[in-house]
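All remarks here apply to the structure that follows.
Every heavy atom of this structure was used, including side-chain atoms; hydrogens, water molecules and symmetry mates were not. To find a chain, count down the sequence lines: A is the first, B the second, and so on, and within it residues start at 1.
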There are 2 protein chains.
Amino acid sequence: MSVKTPAGGRRQPTIHEVAASAGVSIGTVSRVAGESPRVAPETRARVLAAMAELGYQPNAAARAMRTNQTKTIGFLIPDMTNQVFARVAQGAETVLAPEGYMLFAFSSNRSPAREVAFLQAARQRQMDGLIVTLSDETATATIEEIGRMGVPVVVLDREVPVEADVVYSEHMQSIETVVGQLLELGHRRIGLVTASQNIRPGRDRVAGFRRALERAGLPVDDWLIRANRQSAEYGAAETHDLLTGANPPTAILAAGSDIFYGALRAVRLLGLTIPDDISFVGADDPLLGDLVYPPITVIDRDMVEVGRQAAGLLLDRLRGLDMPPRRIMLGSNVLLRRSIAAPRHR
Amino acid sequence: MSVKTPAGGRRQPTIHEVAASAGVSIGTVSRVAGESPRVAPETRARVLAAMAELGYQPNAAARAMRTNQTKTIGFLIPDMTNQVFARVAQGAETVLAPEGYMLFAFSSNRSPAREVAFLQAARQRQMDGLIVTLSDETATATIEEIGRMGVPVVVLDREVPVEADVVYSEHMQSIETVVGQLLELGHRRIGLVTASQNIRPGRDRVAGFRRALERAGLPVDDWLIRANRQSAEYGAAETHDLLTGANPPTAILAAGSDIFYGALRAVRLLGLTIPDDISFVGADDPLLGDLVYPPITVIDRDMVEVGRQAAGLLLDRLRGLDMPPRRIMLGSNVLLRRSIAAPRHR
DNA sequence: CTGTTAGCGCCTTCAC
DNA sequence: GTGAAGGCGCTAACAG
C-alpha cells in the first residue's frame, strides 16, 4: 500500500514508524534524534537501531516549522563559473559546515532579477543566513529584498545601504602601486579595463588609477578607461579596441579575472609580445598568470580567506550577536612577474 | 511585541496576517498564492495588495509539509572551483528554472563522506530531485543512500548500480583518436595522466589509450599510465615524474581539466618547449588551450549540453514519467591545434 | 466564489 | 524516563 508521491518516489519513514518499530512513543524518538540526554541508554539503542533499519531522516520541513531553523545558509554569487567566487564558497564552507550548516550556492548570472528571485526563495525557505555578492549596487529591488530578509546577511565587497556586516577587499591601493610601477618604467599611456562602476571593485580600481596619475602630475585620458562589465568578452573587446586605436596604450591593466582572461586573449590574437610590445597586468587569477609565458604580474587576493571571514561574521550573528554592522577589509597583493617592462621607444 | 527569532530576525508575515489585512479568509489567500482561478478579480487584487504591502512570502516548510514538494533540485558536484561542473550547472538551470525549480549546488570536494551527508540533507529537505556527479563509484555508502532517496536522481558520467537515468560523455574513442594521431606522427612513448580508475572517465580514457596502442600492435608500458586522481597537483607531479624519468615519453596526454592545468605547469617549469620538446594534449578546457602559446590540442565536451540533457531527463521523471532508466551518450570533440608534432630524433 | 477545517511531521511542554 | 497533546503555516476538501 505504498503512497505514490507526485514524483513517483517511495514515501519516507516518519517518526511514527520509527516509534512503532522501536516500541516507544514518538516523543522518545524525537528525544533520541535531538540528542537529548534524558533517555535510557537501552531505549536509545533500540531507537537508533530502528532508525538505521528504516533509513529514517527527520523531515526538515516539519522541523523547520517547529524550530524556525533550517541549518541552511544561502550563498549568492554573480557567476558560478568564476573561480574567484567558488573559492569564497569553499572558504565559507570550512567555517560553517562544522557548525552543522549547509551552504547552498546559487548563481545569479549577474542578473538583478535573479538576485531578487533568490532572496525571495531564501526567505520562503527560511534560510538561517545569507552571504551575498550583488551584481549591481544600484538595483533597489535587491536592496529592499535584503531589508526584508529578517535573518543575518553578510555582504561581500559591495557598498549598499543595508544594515549588514560586510567583507571588503582592498583594490584602490594595489592599482595605485601597479600604476606607479608602470609610470616609473616610463609608461605614459596605460589602459585600464575593469568592472562596472555600479560595483565597488570597479569604482575603486578606477579611483586608484586616477589617483596614481594625478599624483604623478599626469593628465587622465578617459579614453583609456574601460569600466563597464565583468566578462571575458568585454575584456577582449575593450583590449582590442584600446590596442588598435590611433594612440594606443603601452600597458594594459586587466583588473578582474574574466577580463584578464579575455584581455590576454585579445593581446595574443593581435600577435603582440608581452612585455616587448605591451606591458600587461592581470588580476584575481594567479595560476593563469603563472601558466602563460612570460608569467604575468597579477593583483591577487585570498578569496578563501574572504569566505572564512564572511562566514565568521555570519556565525556570530547566528549565535545571537547584537551589535552594529561590522566591516572587515582584506588586502590584495601584487605578484610582480616578467610581464611588465619599459615601453618600447616608438 | 515582535518575536525574536534565534537569529534575532524579524518574524515573517503569515497567511493569517495577509488574510486579516485583506479582510478575507486564509483559504482565499491560499488560493491567490496558488494562482487558483476560482477567485473574484476584485478580491484577488485586494489580497495581492496586502501581500505586497506586508512583503509576504509563503513559508516553504509549511507548503512542503502539505504538498510533499519543495520545487528544489539538488546538484552535487565534486568540485565547485572546476569550471567543467559549473557549466553543467548552468545548463541544467536553463531547463529547470522555467519550470519553477531552484537549483542548489553543493560541492563534495571529492569526499564520499560529504556526498553521503549531502544526500541525507537532500532527503531531509525533501528535495524533489537530484543531479549528481559522484567522486568514487566504489563508495557503497553513497550508492545505498541514493537507493533510499525516493525521488528521481540523474547520474552524470558514472557507472553505478542504481536505478537512475544517466548522461554519459564519450571518452574512449576520442582518446583513441588522439593517440592514433600521435602514433602516426611517430611517437612511440606516450604518457597518459588522468582520473582515478574508480570513475568512468578515468577507466574509459585508460581503456581507449590501451586499445589504440594494441591496435597498432605496440606494447603498453604501464609506467606511462598515471590514473589516480583529479587535481592540478596530481597532474603536475605525475607529469614531472614522467618527463624526468629514465625513458620519458615524447608526448603527454593530460586528460582532465585540473590535470591539464597542472601538467602544463610542470612542462613549463621544466623549461620544455611545446611541441618541439614534447607534444601535449589537454582536455576539458578549450579556453586555456587557446590562451597559451602555442595553442594546445584539446579533447573537449559541451558541458552545458550535459547539464541540459540531465535536466531534461530529470524533468520527465518529475512529471511522472515511469519507465526503465534511460541513458544518453554525448560526444567529445578533438580540437586539433599546434601542440603536437613529430617527436624529435634523440 | 469564499469560509471552515483537518491534518502534513516534528518538537516541546506537561503529566505521569 | 517516557507518553500524550498542541500547534508551527499551509493546502485541499468540503460546505455554504
Side-chain angles (χ1 to χ4, degrees), chain A residues 3-6 9-48 50-51 54-71 123-126 128 150, chain B residues 3-6 9-48 50-51 54-71 123-126 128 150:
Chain A
V3 179
K4 284 256 182 183
T5 69
R10 191 165 62 268
R11 230 188 78 268
Q12 297 291 326
T14 75
I15 199 170
H16 288 98
E17 289 157 55
V18 175
S21 165
V24 296
S25 78
I26 63 161
T28 301
V29 177
S30 176
R31 275 184 282 266
V32 172
E35 289 172 352
S36 154
R38 321 209 136 278
V39 183
E42 191 265 343
T43 311
R44 161 188 307 283
R46 230 171 46 241
V47 171
L48 253 16
M51 285 179 171
L54 295 171
Y56 171 75
Q57 290 287 337
N59 180 317
R63 189 175 258 184
M65 204 123 161
R66 282 287 303 169
T67 64
N68 281 319
Q69 266 211 102
T70 57
K71 286 291 184 178
R123 193 141 64 90
Q124 289 185 185
R125 280 156 232 250
Q126 303 193 104
D128 296 337
Chain B
V3 180
K4 285 255 181 185
T5 69
R10 193 165 60 269
R11 230 187 78 268
Q12 297 290 328
T14 74
I15 199 170
H16 287 98
E17 290 157 55
V18 175
S21 165
V24 296
S25 77
I26 62 162
T28 300
V29 177
S30 176
R31 275 184 282 264
V32 172
E35 290 171 350
S36 153
R38 322 208 136 276
V39 183
E42 192 264 342
T43 312
R44 159 188 311 279
R46 233 174 39 243
V47 172
L48 251 17
M51 285 179 171
L54 295 171
Y56 170 75
Q57 289 287 338
N59 180 316
R63 191 173 255 184
M65 203 123 162
R66 282 288 304 173
T67 63
N68 282 318
Q69 266 211 103
T70 57
K71 286 291 183 179
R123 194 141 63 91
Q124 289 185 185
R125 279 156 231 251
Q126 303 193 105
D128 295 337

Degree of bending, the helix from C:dC1-D:dG16 to C:dC16-D:dG1 (end axes from five pairs; round to 10°): 40°
Donor-acceptor contact below 3.5 Å, side chain A:Thr67 vs main chain A:Arg63: yes
Sequence neighbours excluded - salt bridge (charged side-chain N to carboxylate O under 4.0 Å, His left out) pairs with any residue from residues 21-32 of chain A: none
Minimal non-hydrogen separation, B:Val32 against B:Met51, with atom names: CG1-CE, 4.3 Å
Name each donor-acceptor pair under 3.5 Å that joins a side chain in residues 18-29 of chain B to protein atoms two or more places apart or in another chain, with its distance.
residue: B:Ser25; atom: OG; partner: B:Gly27; partner atom: N; Å: 3.4

Sugar-phosphate only, base, or nothing, as touched by B:Thr28 at under 4.0 Å among non-hydrogen atoms: sugar-phosphate
Counterpart residues, side-chain contact (heavy atoms from CB on, under 4.5 Å), relative to B:Ala61 (two or more places apart): A:Ala61, A:Ala64, A:Gln126, B:Asn59
Side-chain donor/acceptor of B:Asp128 to backbone N/O of B:Lys71, under 3.5 Å: yes
With sequence neighbours excluded, residues passing side-chain contact (heavy atoms from CB on, under 4.5 Å) with A:Thr14: A:Arg11, A:His16, A:Glu17
All N/O contacts under 3.5 Å from nucleotides 6-8 of chain C to the protein, with atom names and distances to one decimal?
residue: C:dG7; atom: N2; partner: B:Arg66; partner atom: NE; Å: 3.1
residue: C:dG7; atom: N2; partner: B:Arg66; partner atom: NH1; Å: 3.2

Minimal non-hydrogen separation, A:Arg44 against A:Val39, with atom names: N-CG1, 3.8 Å
Quick test: give all pairs of protein nitrogen or oxygen and nucleotides 14-16 of chain C nitrogen or oxygen below 3.5 Å, distance rounded to 0.1 Å.
none

Partner set under salt bridge (charged side-chain N to carboxylate O under 4.0 Å, His left out) for B:Arg123, not counting sequence neighbours: B:Glu145
Of B:Val24 and A:Ala33, the one whose closest DNA chain C nucleotide lies more 5': B:Val24
Length of the line joining B:Arg125:CZ and C:dC10:P, which is rounded to integer Å: 14 Å
Residues that A:Arg46 engages under salt bridge (charged side-chain N to carboxylate O under 4.0 Å, His left out), provided they are two or more places apart: A:Glu42
DNA chain D contacts made by residues 39-47 of chain A, counting heavy atoms under 4.0 Å: A:Val39, A:Ala40, A:Thr43
Min side-chain heavy-atom separation B:Met65-A:Met65 under 4.5 Å: yes
Partner set under salt bridge (charged side-chain N to carboxylate O under 4.0 Å, His left out) for B:Glu35, not counting sequence neighbours: none
Opening and closing nucleotides of DNA chain D in contact with chain A, under 4.0 Å to non-hydrogen atoms: D:dG1 to D:dG9
Min side-chain heavy-atom separation B:Ile15-B:Pro58 under 4.5 Å: no
